[in-house]
Q: 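Structure provided below as structure tokens; questions to follow.
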Protein chains: 2
Amino acid sequence: MQDVARRAGVALSTVSATLTGARPVSVATRTRVEAAMDQLGYRPNALARGLASRRSRVLALTYPVGDSGLSRTSAEFVISAAAVAQERGYQLVLWPFGVDDADGVLDVARQGLADGVLVMEVHAGDARVAALRGAGVPVALIGRTADEADPDLPTVDVDFAATVADAVAHLARLGHRRLAFVNHAERRLAEGHGPTLRASAAWTAELLARGLDPVQVYAEESVAGGRAALAALLDGPDPAPTAVVTMNEEATFGVVAELAARGVAVPAALSVLAVVSSPAVAGQTVPPLTTLHAPGAQLGRAGVDALLALLGTGTVPAPVLEPCRLVDLGSTGPVPTPAGAGALAGSGTP
Amino acid sequence: MQDVARRAGVALSTVSATLTGARPVSVATRTRVEAAMDQLGYRPNALARGLASRRSRVLALTYPVGDSGLSRTSAEFVISAAAVAQERGYQLVLWPFGVDDADGVLDVARQGLADGVLVMEVHAGDARVAALRGAGVPVALIGRTADEADPDLPTVDVDFAATVADAVAHLARLGHRRLAFVNHAERRLAEGHGPTLRASAAWTAELLARGLDPVQVYAEESVAGGRAALAALLDGPDPAPTAVVTMNEEATFGVVAELAARGVAVPAALSVLAVVSSPAVAGQTVPPLTTLHAPGAQLGRAGVDALLALLGTGTVPAPVLEPCRLVDLGSTGPVPTPAGAGALAGSGTP
DNA sequence: TTGAAAGCGCTACCAT
DNA sequence: ATGGTAGCGCTTTCAA
């Protein structure tokens with residue numbers, strides 16, 4: 001930078017001012033400085049800039065290190081967050097730590113490399129969040145805790161209520177009135193797993209509001225879990241559903257498998273709708289599944305922007321709730337007409 | 001750090017020495033310094049340390065920003081690299097740039113935040129690699145180019161030859177002699193796509209060495225592409241294969257779908273083996289697919305270690321080739337006995 | 001509008 | 001083995 005200053009015939013501080021806009025610089029000097037810069041191929045040093053300004057322009061993303069790796073939606077989130085950070089002139093660093101490894105997160109956070117931290121898969125009473133806040137590290141949350149969102153923390157999450165409402169509306173529009181919901185494992189409820197909790201509540205509320213029976217089963221996160229869940233639905237005492245909504249990606253494959261094994265035609269005999277999922281995943285089954293696409297990318301964007309807003313203004317931006325978007329891959333169709341007695345015309349199966 | 005020095009009654013430089021081990025420190029003082037440190041809850045500042053030492057302890061990972069996001073294997077790689085970097089006391093930053101955006105990569109690289117760069121999905125004549133090398137930035141490659149690997153660059157990649165050999169050996173052991181390979185799209189060959197090229201060569205060599213016909217088809221990366229490829233195999237002039245090896249994850253779903261549509265039993269009538277894939281993905285089909293699991297995690301580890309070796313010693317470590325590992329999910333079985341005339345006993349289908 | 005100088009929090013090298 | 005000190009490459013006062 002000294003070189004640039006010399007070449008442009010100005011003081012070091014003027015070059016800095018040209019770069020940061022911290023103070024007015026006449027057009028004439030600015031031009032000369034910029035010319036010198038690209039003649040020299042100058043790039044400011046991120047470390048020095050960060051040290052002097054106390055802003056590294058680095059954001060951190062911490063996520064639980066799982067045996068099973070990241071879900072497709074989480075991966076979309078990470079990639080999107082990195083891309084948006086980039087657009088905003090920031091860089092994103094990855095901090096893999098267990099959800100309960102508050103010490104680990106705190107330790108690296110206090111090294112001061114990152115200006116703020118995005119915390120994924122937040123759970124109720126999250127130790128990482130508490131530790132970071134205690135240390136005065138700016139934080140934004142991805143996925144709210146089961147509790148009401150803390151008003152002092154920026155939060156972005158899937159809008160489960162809207163998603164469930166959209167799913168039900170989509171199926172109701174097709175004439176379905178016997179719907180069933182395949183949720184995550186029941187154990188998740190006790191763990192305070194936000195999606196399980198909020199989707200369950202939204203499902204019940206939405207169905208009751210429509211005067212329908214809010215049938216819901218919990219499924220282990222596995223193919224076997226999905227098969228079992230569907231079997232319970234079809235073999236249970238209640239009348240079998242004409243449409244199934246799944247929010248458990250692993251189990252969804254089991255649902256499809258069980259349907260195939262029983263020879264149940266989709267969507268002719270039964271409609272299947274995968275919510276908070278990814279078409280890239282749900283499109284891999286046979287038949288491909290109509291999906292309410294989890295807004296991983298939008299949340300990545302919103303999360304970064306929320307954190308940057310906090311960093312910039314010092315005020316907590318309002319929570320962001322992103323709905324899923326319908327991607328119709330053909331696994332939902334009109335409710336089957338039981339004995340040709342339906343009032344609706346149209347065959348519905350090509 | 002000044003505070004720590006005061007509290008321990010030593011000079012600033014001694015605290016630094018205690019931290020870095022750059023010079024001998026007596027046990028007595030070291031103890032006092034460390035006591036002072038955790039009484040004060042002191043953590044060294046990463047930015048200052050990096051600026052002064054010219055080593056940021058930050059590694060960068062650049063990958064192409066695709067419309068379709070990262071594959072499962074790539075995601076495993078990223079997660080693994082982040083974890084290993086962490087273990088080694090480094091942090092990993094994400095640099096999403098198109099494969100041809102050498103300027104973008106170079107620009108951020110020259111900001112000096114990262115000590116070195118891991119480049120994913122390297123292709124022949126990669127502009128990013130050339131730019132980084134030109135700027136003197138340490139680089140490690142994930143996936144070799146179609147050309148011979150540059151001896152001046154650390155490289156880690158899937159061992160396609162070993163993987164193909166393992167796949168063929170596995171099927172041969174089951175008695176199969178009519179094998180077919182579903183590769184990526186033919187267009188990839190012209191693009192210098194390493195996996196397509198090397199797997200193709202390995203397939204041909206391996207089959208010929210066994211005196212078998214190296215049947216190979218190229219498939220578009222889609223379900224439709226996979227269906228078409230399998231149809232070509234089954235309806236073609238040549239005798240139908242008894243086992244299919246797929247190395248195209250998207251197309252693999254199509255292969256399975258086509259098989260299901262035709263009522264071909266797997267593995268009773270046809271064995272399917274997904275190579276360089278992920279059990280997390282291949283396990284989602286019905287039936288689940290036996291997989292040669294792409295070593296994403298091992299490559300992440302190896303890639304980080306290769307880059308750190310280069311950084312540490314200044315010498316280029318030897319290329320690392322990681323084989324895939326067999327995960328038997330049941331989609332491969334003994335070759336079917338055409339007319340009950342086979343010499344082999346055993347039914348093979350439970 | 002610009003220049004000069006004082007740090008940011010460390011490491012590295014000089015002494016001692 | 002330890003203390004002092006000069007930077008690392010910037011941003012930020014404060015003067016001019």
Side-chain angles (χ1 to χ4, degrees), chain A residues 1-34 36-37 40-58 89-91 107-115 135-136 311-312, chain B residues 1-37 40-58 89 91 107-115 135 311:
Chain A
M1 179 150 159
Q2 189 57 269
D3 300 342
V4 175
R6 252 194 300 273
R7 201 176 223 291
V10 298
L12 184 66
S13 58
T14 303
V15 177
S16 174
T18 308
L19 236 28
T20 61
R23 72 185 196 196
V25 174
S26 75
V27 181
T29 30
R30 144 157 287 124
T31 311
R32 296 221 313 290
V33 170
E34 282 167 352
M37 279 184 178
L40 263 38
Y42 169 82
R43 289 280 81 192
N45 181 289
L47 258 22
R49 184 197 278 256
L51 181 59
S53 66
R54 286 116 196 304
R55 294 183 57 228
S56 65
R57 303 208 132 236
V58 169
Y90 278 73
Q91 301 192 42
D107 202 74
V108 62
R110 292 196 18 195
Q111 291 175 195
L113 208 223
D115 288 337
L311 252 24
Chain B
M1 180 148 157
Q2 189 58 268
D3 299 343
V4 175
R6 252 194 300 274
R7 202 177 222 289
V10 298
L12 184 67
S13 58
T14 301
V15 177
S16 174
T18 308
L19 236 28
T20 61
R23 73 186 195 195
V25 175
S26 74
V27 181
T29 36
R30 145 157 286 123
T31 312
R32 295 219 316 289
V33 169
E34 282 166 353
M37 279 182 178
L40 262 40
Y42 170 82
R43 288 280 83 192
N45 181 289
L47 259 21
R49 184 196 278 254
L51 181 60
S53 67
R54 285 118 193 307
R55 294 184 56 231
S56 64
R57 305 209 131 236
V58 169
Q91 302 192 42
D107 203 74
V108 61
R110 292 194 20 194
Q111 292 176 198
L113 208 223
D115 289 336
L311 253 23

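Letters go in sequence order (proteins before strands), and every chain restarts at 1.
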Q: Looking across every strand, which nucleic acid part, if any, lies under 4.0 Å from Ser13(B) by heavy atom: base, sugar-phosphate, or nothing?
A: base
Q: To the nearest Å, how far apart are Leu47(B) CG and dT11(C) P?
A: 13 Å
Q: At their closest point, which heavy atom of Ala46(B) faces which heavy atom of Leu113(A), and how far apart are they?
A: CB-CB, 4.2 Å
Q: Given dT11(C), dG9(D), dT12(D), which nucleotide is nearest the side-chain atoms of Ala52(A)?
A: dG9(D)
Q: Please determine if a side-chain N or O atom of Thr20(A) lies less than 4.0 Å away from the OP1 or OP2 oxygen of dT11(D).
A: no
Q: So, for Gly9(A) and Arg32(A), which heavy atoms are closest and what is the spacing to 0.1 Å?
A: O-NH2, 3.8 Å
Q: Rounded to the Å, how far apart are Arg57(B) CZ and dC8(D) P?
A: 22 Å
Q: Mind checking Arg55(A) for me? I need base, sugar-phosphate or nothing, with any heavy atom below 4.0 Å counting as a touch.
A: nothing
Q: Which distance, rounded to the nearest 0.5 Å, do you find between the CG of Asp3(A) and the CE of Met37(A)?
A: 11.5 Å
Q: Under 4.0 Å between a side-chain N/O of Arg49(A) and OP1 or OP2 of dT11(D), yes or no?
A: yes
Q: Taking only the side-chain heavy atoms of Asn45(A) (C-beta and beyond), determine which of dG9(D), dT11(C), dG3(D) contains the nearest atom.
A: dG9(D)
Q: Consider the side chain of Ser26(B), meaning its heavy atoms from C-beta on, and name the nucleotide among dT2(D), dT2(C), dT11(C) that approaches it most closely.
A: dT2(D)
Q: Can you identify which nucleotide, out of dG3(D), dG9(C), dC10(D), has its nearest atom closest to the Ala48(A) side chain?
A: dC10(D)
Q: Report the distance from atom CE of Met1(B) to atom P of dC8(D), rounded to the nearest whole Å.
A: 18 Å
Q: Heavy atoms only, 4.0 Å cut-off, all strands: where does Arg30(A) land among base, sugar-phosphate and nothing?
A: nothing
Q: Check the distance between dC10(C)'s P and Gln2(B)'s CD and give it to me in whole angstrom.
A: 10 Å
Q: Rounded to whole angstroms, how far apart are CG on Leu19(A) and P on dT12(D)?
A: 11 Å
Q: Quick one: Tyr42(A) OH to dG9(D) C1', roughly how many Å, whole number?
A: 7 Å
Q: Can you measure Leu12(B) atom CG to dT11(C) atom C1' for me and round it to whole angstrom units?
A: 9 Å
Q: Mind checking if Ser53(B) touches a base, just sugar-phosphate, or nothing, with heavy atoms under 4.0 Å?
A: sugar-phosphate
Q: Between C1' on dG7(D) and CZ on Arg54(B), what's the gap in Å once rounded to a whole number?
A: 9 Å
Q: Which is more 5' along DNA chain D, the nucleotide nearest Arg23(A) or the one nearest Leu51(B)? Just name the residue.
A: Leu51(B)
Q: Ignoring hydrogens and geometry, is there a side-chain-to-backbone donor-acceptor pair from Arg55(A) to Asp115(A) under 3.5 Å?
A: no
Q: With a 4.0 Å cut-off on N to O distance, would you call Arg43(B) and Asp107(A) a salt bridge?
A: yes
